[in-house]
Each structure stands twice: as C-alpha cells, then as structure tokens.
Asker: 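The structure's right below; bear with me while I get my questions together.
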Amino acid sequence: MSYDKVDRWPDAERDLRAALALKPDEAFLLNYLGYSYVDRGLNLEEAKTMIEKAVALRPKDGYIVDSLGWALYRTGDFEGAVEKLERAVELKPTDATINDHLGDAYWRVGRRNEARFQWTRALRTAEEEPQKEDIRAKLDKGLIDPKAAEAAPAKVQ
C-alpha cells in the first residue's frame, strides 16, 4: 500500500499479488487490490470477482460493499450499483465517498433528486477540498459527461 501511496503502482501491484498468493482469503487485501484495479480501469472482471469474494467474507463491511457497488458502476451496471451502494450507505451512513458513489449511481439511473440528496450528504462529511470541489460541481451541473465520475480518482477504501 505504501508503494501505491507514492504512485509506484507496478511495485504495489506486485507486492499485493504476492500477499494475495500467501493469504487468498484476506478480505481487506482482496478489496484493496480489487478496488485499486477498478479505480484504474484495469482487470475489471478479475477485480469484481476479488471484491465479490471480499464481500462474501465480510458482508457487513460498508467499505467493501461500496467497492462492489463501485465496480458494478464502473462496468456499467448502474441498477446493480444502486443496490450495493444503498447497502453500503446503510452500513456506513456518514462516509462521504460512499454517499458520493451512491449519488453518482442514482444520477445514472435517472433518480436525480436522490442523487443531489446523496451528494449533499457527502459534501457535509467530506474532509478533503478536492473531493468537496468535485461534489460541488456535481451539485451544480450533475453528471453531464458519462465518463466524468470515471475520470476522477477515488479514494481506496
């Protein structure tokens, strides 16, 4: 994870894969690697499988459930994303990123008022200015470009 934080993804991926070979049922490791792939638009089917396994191991972890919802979102399954992200918000109701993700998914399925509500919730609990700016832009204009949410880097849960 340290390599990932200093933008050395190839080194991070190598070490995460090595760790996964040693502990193939470690939910947090599956989630971290899977979400990292989703965030980068890499190995999406493999990432989704990893995250599904992590959810099976820790079904009450809101961050891991969020990762699955975000993987579904990134692969275009917006209805499936809404279902998982609603569950993630139930588990972690004050997390800005999870509420932001749910807002994005609501927008994509045409639930615009609910999207704005979730983005407002996310804005209230967001701590970092770049995330706040992104949320304010969505509240102002919505998700005009279908790739807008995909272009913004997401926090690894």
Asker: Can any side-chain N or O of Asn43 pair as donor or acceptor with the backbone N or O of Glu46 at less than 3.5 Å?
Answerer: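 No.
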Asker: Linking I/L/V/M/F/W/Y whenever any side-chain heavy atoms sit under 4.5 Å apart, do Phe117 and Leu85 land together?
Answerer: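 In one cluster with Phe117: Leu85, no.
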Asker: Quick one about Asp4 and Tyr32 (side-chain donor to acceptor, distance below 3.5 Å, no hydrogens or angles considered), yes or no?
Answerer: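 Checked: Tyr32/Asp4 side chains pair up, N/O donor to acceptor below 3.5 Å.
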Asker: For Arg58 and Ala27, indicate whether the former's side chain and the latter's backbone hold a donor-acceptor pair under 3.5 Å.
Answerer: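 Checked: no pair found.
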Asker: For Glu13 and Tyr3, which I'm curious about, is there any donor-acceptor pair between the side chains at under 3.5 Å?
Answerer: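 Side-chain D/A pair, Glu13 to Tyr3: absent.
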Asker: For the residue pair Trp119 / Asp104, report whether a side-chain donor-acceptor contact shorter than 3.5 Å exists.
Answerer: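 A donor-acceptor contact under 3.5 Å links the two side chains.
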Asker: Any side-chain heavy atom of Glu83 within less than 4.5 Å of one from Arg87?
Answerer: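 A side-chain contact is absent here, since even the closest heavy-atom pair is not under 4.5 Å.
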Asker: May I ask you to check whether over 12 heavy atoms, not counting those of Lys92, lie within 6.0 Å of atom NZ?
Answerer: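 Open.
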Asker: Only counting residues at least two apart or in another chain, list the ones meeting side chain to side chain contact (heavy atoms under 4.5 Å, CB included) with Glu114.
Answerer: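 Residues passing side chain to side chain contact (heavy atoms under 4.5 Å, CB included) with Glu114: Tyr106, Arg111.
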Asker: What pair of heavy atoms forms the shortest contact from Gly62 to Ile98, and how long is it?
Answerer: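 So the minimum-distance heavy-atom pair works out to O-CD1, 3.7 Å.
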Asker: Let me confirm one number: the CZ-CG distance from Phe28 to Leu30, rounded to the nearest 0.5 Å.
Answerer: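 Phe28 atom CZ to Leu30 atom CG measures 11.0 Å (nearest 0.5 Å).
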Asker: Report the residues that fulfil salt bridge (Lys or Arg N to Asp or Glu O under 4.0 Å) with Glu79, sequence neighbours left out, ordered by chain and then residue number.
Answerer: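 Partners of Glu79 by the salt bridge (Lys or Arg N to Asp or Glu O under 4.0 Å) criterion come out as none, since no residue qualifies.
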